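All of these numbers come straight from a predicted model, not from anything done at the bench. Throughout, a chain's letter reflects where its sequence line sits, starting with A, and its residues are numbered from 1.
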Amino acid sequence: MYNEKVIEHFTNPRNVGEIENPDGTGMITSESCGDMMKLTIKIEDGRIVDAKFKTFGCGAAIASSSAATEMIKGMTLEEAEKFTNKRVLEELGGLPDVKIHCSMLAEDALHAALKDYREHHQK
Amino acid sequence: MYNEKVIEHFTNPRNVGEIENPDGTGMITSESCGDMMKLTIKIEDGRIVDAKFKTFGCGAAIASSSAATEMIKGMTLEEAEKFTNKRVLEELGGLPDVKIHCSMLAEDALHAALKDYREHHQK
Amino acid sequence: MDKKQIYMDYAATAPLKKEVLDAMMPYLTENFGNASSPHAFGRAADAGVEAARKQLTDALGAHNGRVYITSGGTEADNWALKGYAHRNARKGKHIIISAVEHHAILHTAQMLEKEGFAVSFLPVDGMCMTHPEKLKELLRPDTILVSVMTANNEVGTIQPIEELAKVTHENSSAVFHTDAVQAVGNVAIDADAMGIDMLSLSAHKFYGPKGIGALYVKKGVVLDNLIDGGAQEWGHRAGTYNAASIVGMGKAIELATQNLPEHVAKVTALRDELISRVLTIKDSQLNGHPTQRLAGNANFSFAGIEGEGLLLVLDLAGIAASSGSACSSGSLEPSHVLTAMGLEPKYLHSTIRFSLGDGTTREDVEYAAEQIRIAVEKLRALSPIYN
Amino acid sequence: MDKKQIYMDYAATAPLKKEVLDAMMPYLTENFGNASSPHAFGRAADAGVEAARKQLTDALGAHNGRVYITSGGTEADNWALKGYAHRNARKGKHIIISAVEHHAILHTAQMLEKEGFAVSFLPVDGMCMTHPEKLKELLRPDTILVSVMTANNEVGTIQPIEELAKVTHENSSAVFHTDAVQAVGNVAIDADAMGIDMLSLSAHKFYGPKGIGALYVKKGVVLDNLIDGGAQEWGHRAGTYNAASIVGMGKAIELATQNLPEHVAKVTALRDELISRVLTIKDSQLNGHPTQRLAGNANFSFAGIEGEGLLLVLDLAGIAASSGSACSSGSLEPSHVLTAMGLEPKYLHSTIRFSLGDGTTREDVEYAAEQIRIAVEKLRALSPIYN
Ligand SMILES: Cc1ncc(COP(=O)(O)O)c(C=O)c1O
Ligand SMILES: Cc1ncc(COP(=O)(O)O)c(C=O)c1O
């Protein structure tokens with residue numbers, strides 16, 4: 001069902017946790033399946049310098065969360081704005097058809113966190 | 001499907017053929033399945049002294065014909081009038097449900113032969 | 001598979017018993033004839049089919065009607081509902097099913113609803129139990145059919161079938177169908193004594209082959225055919241006999257019935273051991289009825305973690321379980337069974353079913369309980385809604 | 001069975017090929033999981049199911065749609081006709097089937113007739129051949145479905161499917177279904193190239209297991225479900241996967257397709273040998289088409305004797321044949337196929353089908369021809385209408 005890369009991310013998820021005093025926080029619940037992801041990011045000089053997640057969800061949701069946090073670390077805010085779940089799918093080498101929507105969680109959480117950053121933390 | 005007695009009668013049918021100058025002839029076609037039986041009988045002193053058959057039909061029809069001719073030989077006309085397929089079924093030890101109607105052929109042919117005897121040969 | 005593999009998904013499907021496979025082998029080899037053919041090859045196959053039908057009839061106490069062979073529980077359920085509704089629509093167009101039926105009943109009833117039948121749902125309590133007095137309230141003069149499963153596939157609750165059938169017959173002219181797919185081999189059944197008019201079963205749930213099942217129909221209950229064609233099954237279910245699987249089903253139900261008390265006692269003890277170990281995990285609960293439940297069924301919820309994620313961690317640890325009905329995986333909505341039971345929302349997506357069976361050992365239970373604890377801890381550490 | 005046993009009823013059902021049984025065995029033992037379960041046991045079963053689906057798709061040239069698994073040819077036929085008719089009734093309520101379809105199509109069409117559909121019958125000539133121009137005459141603006149079998153089960157005539165599909169599509173908006181149950185493994189099929197919208201098959205006719213089959217449905221052709229329930233088969237055919245039989249069906253169709261030319265050549269030669277020997281019997285005839293016929297099919301009539309009686313004499317001599325479709329035994333009426341062909345009345349009840357296959361040898365053919373001669377003589381001596 002899942003490929004090795006997905007299993008690897010699921011088994012050893014990167015960047016688990018919550019950043020203290022984050023610059024942006026995104027908390028998303030998937031309407032279709034009830035999965036949840038909380039993403040906290042640290043931003044310095046227009047770049048994401050740290051990202052941590054907590055996810056309630058299936059293997060695809062957790063692996064996508066893990067992969068996404070790795071990918072966005074180091075991105076400029078402009079790059080991050082353009083980030084989509086397609087990139088996560090590519091990075092993971094694909095997900096089963098019924099699980100593709102799970103990778104949306106990471107995209108949505110990122111955009112929520114960026115919005116939060118703009119609204120509350122940007123001077 | 002058929003028991004051994006049926007198979008035995010089918011394999012070695014008794015009284016096959018046609019009696020020359022019979023006292024009664026019955027030729028019957030089953031409406032339900034197209035089987036045919038021709039029965040010729042010889043009557044002396046109010047008794048069936050000989051009976052021969054020819055049958056176009058399945059195993060049950062042929063075995064019933066054979067058994068019936070054996071049974072009716074020696075019967076008085078009164079006994080023969082009361083002869084039914086139940087007797088044939090008993091003699092054969094039963095037939096499959098879908099084949100019970102085949103034993104009617106012998107009953108019908110006998111009654112046709114007796115009628116023929118009464119109409120044409122009885123002084 | 002070289003690493004440890006523990007199967008705890010017997011309710012999804014069970015392996016063939018060795019005796020069952022042995023009984024099937026002649027029909028997969030030399031006795032290959034078409035059971036409807038009158039020649040020797042056909043008669044050998046037919047003898048197997050009819051012996052199996054007798055085994056089924058005896059095991060179900062179903063001497064007051066006919067056991068028809070189908071391609072499984074799903075076909076039997078479809079046939080019972082569609083066949084009865086279509087044939088008897090002029091008597092009334094109201095059907096009652098329980099709120100916790102398998103999709104084979106639920107989706108079939110919904111199709112009938114689209115065609116113009118009215119469907120009422122018999123509710124369950126928090127332990128997934130139906131209540132005869134509630135059924136009485138739902139019965140109407142135009143109710144033609146009531147269908148309540150003997151035991152639920154997700155949480156294992158065993159329904160009061162005899163009472164439900166009695167209420168149905170005393171208060172209406174409806175017939176009573178039960179989906180006994182999960183029950184056969186786990187619950188003693190005496191169809192005629194229990195007042196059952198129709199009963200569905202599926203062989204692979206009691207260590208028989210997949211793709212074969214049966215519908216028992218009591219004398220006098222008349223259905224439209226679901227599958228028309230040749231003259232098999234007294235003209236009511238066409239298709240060349242799958243003699244090997246039918247023989248396997250017959251052997252399986254015979255064994256299941258012979259061994260029922262020992263099987264239930266053994267599996268119940270293992271299940272209770274698993275339950276008591278798992279419930280030591282904080283913020284966990286057992287779903288379904290504490291005692292009126294299938295011998296092998298242990299259905300848990302763990303606050304803060306998602307069932308499919310848990311399933312995957314356990315799968316990687318070599319433990320096969322289910323996050324609901326295997327048949328409904330691919331669906332994203334929370335289980336209609338858990339919803340009907342009024343499960344707390346925080347537990348709705350956090351449920352996992354372990355179903356134990358013939359091959360389960362005490363070591364399996366101990367290992368599984370330990371792995372469940374580890375997995376729950378691991379996933380809770382990842383959870384945004386648990387701390 | 002210690003005496004000589006010669007099987008000449010391959011059209012009723014064929015034995016499993018050894019390679020097919022070998023392919024099935026792992027799924028009857030360790031790979032027993034439910035193919036819908038996401039865990040390791042389930043994935044192993046699912047891999048088998050999907051590999052088999054690919055084998056089916058490749059063998060049928062059916063890349064332009066989906067191959068759905070069913071419980072056999074009968075279910076596939078029922079689903080195609082009922083599912084399409086029910087779903088598309090608003091487009092029209094006229095259906096055309098050939099006059100010589102198997103009961104799985106014929107009786108299903110008759111059920112639709114009772115529901116209010118109009119059914120026309122495409123006639124056949126004396127060799128059981130349909131003609132595209134006759135089909136053209138029957139097509140109406142409200143025709144939604146045409147179903148003509150690829151090859152007839154009783155007399156073996158192979159129909160001009162490509163031309164019939166073409167006429168259907170050029171002159172109507174109807175879809176074209178073919179019951180290829182007898183054809184698969186005997187006739188090369190390329191569903192998409194032939195213009196087929198739906199195609200039914202049954203594994204046991206090509207040395208696969210009984211109780212399993214498939215319906216190919218071209219993209220864009222939409223059917224109601226026949227069997228509702230779980231999410232299997234993209235939500236269109238519910239029921240736990242019978243992985244062992246599905247894997248067997250996949251292997252069987254792969255082998256049948258690989259070996260098709262050799263198989264057909266070998267069996268045709270044996271069949272022709274049987275035909276030429278049997279036709280030396282006085283007052284006998286071959287039924288069906290002399291050349292456009294299934295490799296293994298030899299259907300004869302013998303004046304003055306009844307088919308079932310002949311069948312029994314041969315059975316006692318160790319030869320298994322059929323006096324029509326095995327499925328219709330139990331019926332007493334003369335075959336609708338022979339009637340539609342306009343067979344002389346004296347031959348209507350005097351027909352017997354020998355169907356040869358993989359295991360048939362030249363010695364079998366010689367022995368059978370001799371036994372047929374003896375049996376015919378024996379029964380003619382008993383016959384009131386032959387001398
Ligand atoms: C309660 C219940 N009913 C019906 C079914 C359907 O049985 P099958 O998948 O064998 O057709 C199942 C299992 O899948 C079940 O658990
Ligand atoms: C032409 C044809 N169609 C359909 C069927 C039905 O197939 P099954 O009995 O495998 O369901 C058969 C054989 O019985 C057949 O020969």
Tell me which of these, [options], has more heavy-atom pairs under 4.5 Å with chain C than the rest.
options                                : result
Ala243(D), Gly239(D), Ala320(D)        : Ala320(D)
His86(D), Glu75(D), Met24(D), Lys82(D) : Lys82(D)
Leu16(D), Thr70(D), Leu81(D)           : Leu16(D)

Engaged part of [X] at the chain C interface, taking heavy atoms whose separation is under 4.5 Å:
X         : value
Ile227(D) : both
Met8(D)   : neither
Ala244(D) : neither
Ala14(D)  : backbone

Legend entry - Non-hydrogen atoms of Arg237(D) and Ser71(C) that approach each other most closely: NH2-OG, 3.2 Å
Inset, instruction - Could you tell me which non-hydrogen atom of Thr13(C) sits nearest to which non-hydrogen atom of Gly33(D), and how far apart they are? - result: CG2-C, 3.6 Å
Inset, instruction - Scan Asp9(C), Leu311(C), Ile319(C) and name whichever one has a side-chain contact (heavy atoms from CB on, under 4.5 Å) with His39(D). - result: Asp9(C)
Any chance you could measure [X], atom [atom1], to [Y], atom [atom2], to the nearest 0.5 Å?
X         : Y         : atom1 : atom2 : result
Tyr241(D) : His204(C) : OH    : NE2   : 13.0 Å
Asp224(D) : Lys114(C) : CG    : NZ    : 8.0 Å
Tyr207(D) : Phe32(C)  : OH    : CZ    : 10.0 Å
Asn225(C) : His107(D) : CG    : NE2   : 10.5 Å

Just by distance, do the side chain of [X] and the backbone of [Y] share a donor-acceptor pair under 3.5 Å?
X         : Y         : value
Lys210(D) : Ser245(C) : no
Asp228(C) : Asn78(D)  : no
Asp315(D) : Ala40(C)  : yes

Legend entry - Contact winner vs chain D - Asp77(C), Leu21(C), Leu28(C), Val20(C), heavy-atom pairs under 4.5 Å: Leu28(C)
Legend entry - Ala45(C) versus chain D, the contacting section by heavy-atom distance below 4.5 Å: neither
